[in-house]
Each structure stands twice: as structure tokens, then as C-alpha cells.
Amino acid sequence: MTKRFEGKVVIVTGAAQGIGRGVALRAAAEGGRVLFVDRAEFVTEVAAEAPGGNTVGLIADLETYEGARSAMAFAAEKFGGIDILINGVGGAIRMRPYAEFEPEQIDAEIRRSLMPTLYACHAVLPHLLARGGGTIVNVSSNATRGIRRVPYSTAKGGVNALTQSLAMEYAPYNIRVVATAPGGTNAPPRRVPRNAAGDSQQEQAWMREAVQQVTESNFFKRYGSLDDQVGPILFMASDEAAYITGTVLPVAGGDNG
């Protein structure tokens with residue numbers, strides 16, 4: 001294991017489960033001082049799994065601006081500054097044809113998969129500017145082209161636009177902004193479900209249609225693993241990618257979205 005993040009302060013949002021959990025734990029294993037941020041209370045348990053004692057879990061709702069602001073302020077006070085922000089919050093809540101979405105469900109998808117990244121990027125900038133530079137990695141999705149999740153796809157398209165425009169605007173300040181676009185990824189069962197209301201039989205059928213599309217659209221005809229996603233995210237966050245900015249890297253078995 002390398003020590004690419006030794007001496008670096010890293011914030012990972014959505015760190016309680018899934019890709020975010022894997023990213024935060026490996027960043028800590030590679031020497032980073034890592035703040036695990038999630039609204040799930042067990043994020044503190046996950047942070048305690050990391051070796052070295054340089055991790056802290058923080059409960060915050062990043063669907064609010066105050067949640068994002070307080071998380072950045074906490075990290076800066078706890079660790080003395082911020083070097084890297086990895087925005088992992090997001091995920092489709094429902095799968096259904098667009099005509100079947102209720103207006104409040106559309107709003108909820110945008111609030112879940114765009115606003116935490118938009119808010120966190122804004123809230124971290126003063127800290128990166130004070131540091132003299134830094135890196136933001138946004139976790140987007142190749143589902144900007146996909147079926148049964150148009151609001152989510154739209155939110156991730158917004159993440160891509162944010163990545164590219166923010167990178168152009170803040171490159172003169174030594175701030176890199178990049179993203180990865182994961183495809184379908186196998187992960188352990190979620191401790192907090194994506195849709196707390198549960199899925200009807202019809203919604204489960206629509207979900208199967210989406211899974212079939214994701215599987216058939218990639219060259220390998222299969223889902224990837226968590227490790228398949230964690231490695232590229234941490235590469236983009238590291239100094240190895242120092243000359244990469246404004247890039248959205250597809251990690252989806254050839255399906256670039």
C-alpha cells in the first residue's frame with residue numbers, strides 16, 4: 001500500500017457505505033487524515049474501522065447548505081486545513097419511466113444527487129484558497145445516458161457541468177476539479193435503503209429493466225466491483241493526477257454514458 005495521502009487532509013462525503021466508504025477507508029490506509037461525512041449515524045463506526053487513528057466521523061445532512069458548510073468548517077478546525085474533497089453523496093432513489101415521476105419525486109432526486117456536491121464545492125472553496133490550492137473529486141455517473149432514472153441522470157449531468165466549469169474558473173488558484181463517472185457497481189446490501197418507502201412490484205420491474213440496460217450497454221456485460229471504482233477516484237485525488245483537471249473519467253466498462 002502506498003502513502004499517497006500522507007500529510008493530506010481528505011474529506012469524503014457519503015462515507016458510511018458503498019463507494020464512499022471504500023474511498024474513505026483506503027485514503028486513510030494510504031496515510032490521509034480523513035473526515036468521514038454522512039447523515040447516517042453509523043458513519044462514526046465506519047471511521048473507527050480505519051487504521052492509524054487519523055480519522056473522524058461526522059454526521060451531517062449535505063442536502064442542506066448548512067450541513068456542507070459545517071462539515072468543511074469542522075474538518076478545517078480539526079485537522080488545520082483541507083487538501084482534498086471527494087464528493088460521494090448521491091444515488092437514484094427511484095427507477096421508473098419519466099412520465100411516472102411525481103413532481104416532488106423529481107425534486108428529491110435533484111436534491112439527493114446534485115445539491116450536496118454543489119453545496120460542498122462552494123463551502124470548501126474558501127478553505128482550499130486559504131491552503132493555496134487543493135483538489136475536488138466529484139463522483140458522477142455514466143447514467144447521464146440511461147433509462148428509468150431521468151431526474152437522477154439530469155442531476156449527474158449537472159455534476160459534470162459543475163466539474164468542468166469550476167475547474168476552468170479555479171485553475172489559476174491551483175485548485176483541480178475532476179470527476180469519475182461510475183457505471184453499475186456491485187456493493188453489499190445498503191444499511192440505509194435508497195428508497196425508504198420501499199419499491200412496489202411495478203417499481204421492481206422497472207429496476208430490472210434499468211439493470212438490464214446498464215449490463216448490456218457496457219462492453220464486459222457485467223457490473224463492476226467497489227474496488228473498480230475506489231482506485232480511479234483515489235488516483236484522480238492524488239498528486240499522480242496533478243496535470244488533470246476538468247476531466248470526467250468514465251469507469252463503466254466502456255459505456256461512457
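Bear in mind that the values here come from a model prediction, so they are computed numbers and not experimental data. One-based numbering along the sequence shown. Note that these values count all heavy atoms, side chains included, but never hydrogens, waters or copies made by symmetry.
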Item to check | Student check: side-chain heavy atoms of Leu162 and Leu118 closer than 4.5 Å | outcome: yes
Checklist entry - What distance do Leu62 atom CG and Met72 atom CE have between them, rounded to the nearest 0.5 Å? => result 6.5 Å
Item to check | Chi angles and distances behind the side chain to side chain contact (heavy atoms under 4.5 Å, CB included) call for Glu203, Met95 | outcome: CA-CA 6 Å; Glu203 287 172 320; Met95 300 286 184; over 6 Å; no
Checklist entry - Do side-chain atoms of Lys8 reach the backbone of Ile82 as a donor and acceptor pair under 3.5 angstrom? => result no
Next on the checklist: Between Thr13 (side chain only) and Gly88 (backbone N and O only), is there a donor and an acceptor less than 3.5 Å apart?
Outcome noted: yes
Item to check | Side-chain heavy atoms of Arg96 within contact of Gln105, under 4.5 Å | outcome: yes
Next on the checklist: Less than 3.5 Å apart, any donor N or O on the side chain of Asn138 or Thr117 sitting next to an acceptor on the other?
Outcome noted: no
Next on the checklist: Do Arg148 and Gln213 pair up side chain to side chain, a donor and an acceptor below 3.5 Å, judged on atom types alone?
Outcome noted: no
Checklist entry - Are Asp255 and Arg145 within salt-bridge range, i.e. N to O under 4.0 Å? => result yes
Next on the checklist: What's the separation between atom CZ in Arg131 and atom CD1 in Ile84, rounded to the nearest 0.5 Å?
Outcome noted: 10.0 Å
Checklist entry - Are Ile147 and Val214 in one and the same hydrophobic cluster, where Ile, Leu, Val, Met, Phe, Trp and Tyr link if side-chain heavy atoms are under 4.5 Å apart? => result no
Item to check | Verdict with supporting geometry, Ser70 and Glu66, side chain to side chain donor-acceptor pair (under 3.5 Å) | outcome: CA-CA 6 Å; Ser70 64; Glu66 178 54 29; 4.6 Å; no
Item to check | Hphob cluster co-occupancy, Val12 + Val46, side-chain heavy atoms under 4.5 angstrom | outcome: yes
Next on the checklist: Is the shortest side-chain heavy-atom distance between Val230 and Leu25 below 4.5 Å?
Outcome noted: no
Checklist outcome for this item: Taken to the nearest 0.5 Å, the spacing of Lys78 NZ from Thr55 OG1 works out to 10.0 Å
Item to check | Donor-acceptor contact present, side-chain Asn218 to main-chain Arg222, <3.5 Å | outcome: yes
Next on the checklist: Counting only heavy atoms from other residues, nucleotides and ligands, does the tally under 6.0 Å from OH of Tyr98 exceed 12?
Outcome noted: no
Checklist entry - Between Asn142 (side chain) and Ala181 (backbone), is there a donor-acceptor pair under 3.5 Å? => result no
Checklist entry - After noting the C-alpha distance and the side-chain angles of Asp228 and Ser225, does the key distance pass the side chain to side chain donor-acceptor pair (under 3.5 Å) rule? => result CA-CA 5 Å; Asp228 289 333; Ser225 69; 3.1 Å; yes
Checklist entry - Has the side chain of Lys156 got a donor or acceptor atom that lies under 3.5 Å from a matching backbone atom of Gly91? => result no
Next on the checklist: What I'd like to find out is whether the side chain of Tyr65 reaches to under 4.5 Å of the side chain of His122, using heavy atoms alone.
Outcome noted: yes
Item to check | Side chains of Arg208 and Gln204 in contact at under 4.5 Å (non-hydrogen atoms) | outcome: yes
Checklist entry - Once you round to the nearest 0.5 Å, how far does CZ of Arg26 lie from OG1 of Thr2? => result 9.5 Å
Next on the checklist: Has Thr64 got a side-chain atom pairing as donor or acceptor with Asp61's backbone, closer than 3.5 angstrom?
Outcome noted: yes
Next on the checklist: Would you say that Leu234 contacts Ile86 through its side chain, given a criterion of any heavy-atom pair below 4.5 Å between the two side chains?
Outcome noted: yes
Item to check | Derivation of the side chain to side chain contact (heavy atoms under 4.5 Å, CB included) call for Val89 and Glu63 | outcome: CA-CA 9 Å; Val89 173; Glu63 290 185 14; 5.6 Å; no
Checklist entry - Does CD in Glu104 sit with more than 12 non-hydrogen atoms of other residues, nucleotides or ligands closer than 6.0 Å? => result yes
Next on the checklist: Treating Thr185 as the side-chain partner and Gly183 as the backbone partner, does any N or O pair qualify as donor plus acceptor under 3.5 Å?
Outcome noted: yes
Checklist entry - Nearest 0.5 Å, what's the CD1-CD1 distance between Ile106 and Ile93? => result 12.0 Å
Next on the checklist: Is there a path of hydrophobic side-chain contacts, each under 4.5 Å between heavy atoms, that joins Leu58 and Val34?
Outcome noted: no
Next on the checklist: Would the distance check show the side chain of Arg176 and the main-chain N or O of Ala241 forming a donor-acceptor pair, the cut-off being under 3.5 Å?
Outcome noted: yes
Checklist entry - Any side-chain heavy atom of Arg194 within less than 4.5 Å of one from Asp199? => result yes
Checklist entry - In Å, rounded to the nearest 0.5 Å, how long is the span from CD of Glu49 to CZ of Phe36? => result 8.0 Å
Checklist entry - Any side-chain heavy atom of Phe74 within less than 4.5 Å of one from Val56? => result yes
Next on the checklist: Please check if the number of heavy atoms outside Glu41 that lie under 6.0 Å from its CD is greater than 12.
Outcome noted: no
